[in-house]
**Q** 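This is the structure I want to talk about, given as structure tokens.
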Amino acid sequence: MAEMIEMKERMKREPVPMREQLPSERIHNFKEVPLGYTREEAIYEAQRCLQCKNPTCMKGCPAEINIPTFIRYIVEEDFKKAYLTILKTDALPAVTGRVCPQEEQCQKECVLNKRGKPIAIGRLERFIADWARENGVHGIKDSVNKKQTKVAIVGSGPAGLACAADLAKMGYQVTLFEALHKPGGVLVYGIPEFRLPKTIVEYEVGQIEQTGVKVICDQVIGATRSIEDLKNEFDAIFLCNGAGAPRFMDIPGENMNDVYSANEFLTRSNLMKAYLFPEYDTPIKIRKRAATIGAGNVAMDSARTALRLGAEKSYIVYRRSRAEVPARAEEVHHAEEEGIIFHFLTLPVRILGDNEGRVTGMECIKMELGEPDESGRRSPIPIENSNFILEVDMIIDAIGTMANPIVARSARGVEVNKWGYFKVDERTRMTTCEGIFAGGDIVRGSATVISAVGDGKKAARFIDAYLSSGKSLKKQ
Ligand code: FAD
Ligand code: SF4
């Protein structure tokens, strides 16, 4: 068994890097880029943890994982206990271990971050979740006393899954309604295979289903069933339908054939298995030069997907500078390694096309940064007479998404703000309608997997408090 090591040695050790597929190879496949830690690497990294009495890392984890405890079990090579420790509060560890922005959360708060060497908490979490999956270790308990009380969850993304997992553990009868033919939300239709393999999401969703959660797909709440229908059948409702409606730039030429929203482009690639071409024939016409507009995670995913699907050149066009790029640093680094070409301080103003409505180029204007706006970021200002044509034949809009109003329209008494997001009580996540709760992107706007998980967990806690006090939607 491995041992705790001397404090001096812990401080001296460098963080263990993760092996990755070479850029020259990975641009030709959709396999995962980072390869994960080996057993030895995970133990070596875990031994660096100081096992702080006041573990600041935990303050940065919305899933409330007991970080030092699971790391200590890795050092002791008791991987099962490490897994069960994580699973107590996070039902999606292989997912969160891969896509959480740990550098902004637990690792940012890790005491070793002061020396620039935080513990690689996400990588260790991923190692343990993968070990459990590969070794058939699970945390499903058969002994939960089932209650008669029923909860409906609208949307099966990370917010819905986290809420469902926690409520099922408490014994509630949970039904998850999903509009698409597969559960998982953005985890299955948004984030590409090379960052989050679908089999991993399917496995963790399957584990949640095995705790008794019923998943009903192909149900668009607000169309096939209304919220009023659900109110008659369920004691409480959690709305977590995401913010999946695409936003466009609203510039001339945007209605041409080769202009996609990132949402549509990535959904086709993921759900219709474009990444398995030619085994699966999908209707994404990839052209030689693709421009993705925006610089968030969605933009990086789109530009890198276009490259893997056969674009010879893949550009990122962003109106601010590199310092303002919202994507995770690791994703930008991977994109650069793969040869994605960045055009910073550049704003598209018009899309050019031929007589058949096919894109032939994009007129852009150069920008400079002015004073900070309300988001604290410096506003980009156009530089006069700096227009130029970027020669591209395919465009992907990745400038953000917004609320789809379909659920809100059918939810009488549930108020939304001016952007169409549900208004909730910060503490309880209850909407303006008693017994109806909401969380994830449909409350926050496009955010992160872990903030959605945190919302789902918080909602579960307050749904339990609401139902335990004898209240129910059916009694209203
Ligand atoms: P979603 O994941 O959007 O799930 C909502 C679900 O509700 C969907 O399955 C939808 O089909 C369903 N639904 C919608 N309407 C209805 C209806 N009427 N009836 C029934 N079901 C309905 N975050 C990170 O932390 N790290 C990343 O690396 C990262 N990368 C991203 C990459 C992409 C391409 C995208 C799009 C997002 C990324 N995000 C990332 C953001 C993150 O995925 C979201 O913040 C998170 O998924 C929000 O979770 P959610 O449960 O609120 O909603
Ligand atoms: Fe370990 Fe860092 Fe957490 Fe301390 S703050 S317990 S060193 S992960």
Side-chain angles (χ1 to χ4, degrees), residues 10 46 48-61 66-72 95-96 98-102 104-107 109-113 117-121 124 153-163 176-192 195-196 216-225 227 239-245 262-263 265-267 270 296-302 305 327-328 330-331 398 400-401 403-410 438-453 455-456:
R10 288 188 217 181
R48 290 204 307 118
C49 173
L50 305 181
Q51 292 294 313
C52 306
K53 289 227 160 54
N54 172 23
T56 47
C57 52
M58 286 178 65
K59 289 192 197 128
C61 177
N66 189 334
I67 295 168
T69 302
F70 100 76
I71 294 181
R72 196 187 69 238
V95 171
T96 49
R98 282 172 166 80
V99 301
C100 265
Q102 291 103 5
E104 292 299 324
Q105 301 194 288
C106 51
Q107 291 175 195
E109 302 296 333
C110 169
V111 68
L112 291 172
N113 195 25
K117 299 197 284 188
I119 301 293
I121 301 167
L124 292 175
I153 298 183
V154 179
S156 68
L161 291 167
C163 186
L176 254 174
F177 293 98
E178 169 53 50
L180 296 175
H181 64 283
K182 269 189 177 189
V186 168
L187 308 178
V188 289
Y189 70 73
I191 304 180
R195 280 214 296 132
L196 184 60
I216 305 184
C217 290
D218 299 315
Q219 287 281 333
V220 183
I221 303 301
T224 46
R225 268 191 222 210
I227 296 291
L239 303 175
C240 48
N241 46 306
N263 192 299
F265 180 72
L266 291 171
T267 304
N270 278 313
N297 285 325
V298 182
M300 298 305 141
D301 285 347
S302 303
T305 297
R328 289 185 71 187
E330 182 177 306
E331 302 313 325
T401 52
N404 183 327
I406 198 162
V407 175
R409 271 198 220 120
S410 117
D441 282 5
I442 193 58
V443 169
R444 297 169 178 271
S446 306
T448 59
V449 169
I450 199 68
S451 57
V453 166
D455 282 355

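Whatever order the structure lists them in is the order used to number ligands and atoms, beginning at 1.
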**Q** How far does CG of L50 sit from SG of C110, to the nearest 0.5 angstrom?
**A** 7.0 Å
**Q** What pair of heavy atoms forms the shortest contact from V154 to V407, and how long is it?
**A** CG1-CG2, 4.3 Å
**Q** Which distance, rounded to the nearest 0.5 Å, do you find between the SG of C49 and the CD1 of I121?
**A** 7.5 Å
**Q** Using a 4.5 Å cut-off on heavy atoms from C-beta on, say whether the side chain of N270 contacts that of V188.
**A** no
**Q** Provide the protein N, O or S atoms situated under 2.8 Å from atom 4 (Fe) of ligand 2; waters are not included.
**A** C52 SG
**Q** Kindly compute the distance separating SG (C106) from CG (L124), expressed to the nearest 0.5 Å.
**A** 10.0 Å
**Q** Output the set of protein residues with a heavy-atom contact under 4.0 Å to ligand 1, ordered first by chain identifier and then by residue number.
**A** V99, P101, V154, G155, S156, G157, P158, A159, F177, E178, A179, L180, G185, V186, Y189, G190, I191, R195, Q219, V220, I221, C240, N241, G242, L266, N297, V298, D301, I406, V407, G440, D441, A447, T448, V449, A452
**Q** How close do A327 and M300 get, counting heavy atoms only, and between which atoms?
**A** CB-CG, 3.7 Å
**Q** CG/N66 to SG/C61 distance, rounded to the nearest 0.5 angstrom?
**A** 10.0 Å
**Q** Might you point out which heavy atoms bring N297 and E331 nearest each other, and give the distance in Å?
**A** OD1-CG, 3.8 Å
**Q** Can you give me the closest heavy-atom contact between V220 and A179, atom names plus distance?
**A** CG2-CB, 3.9 Å
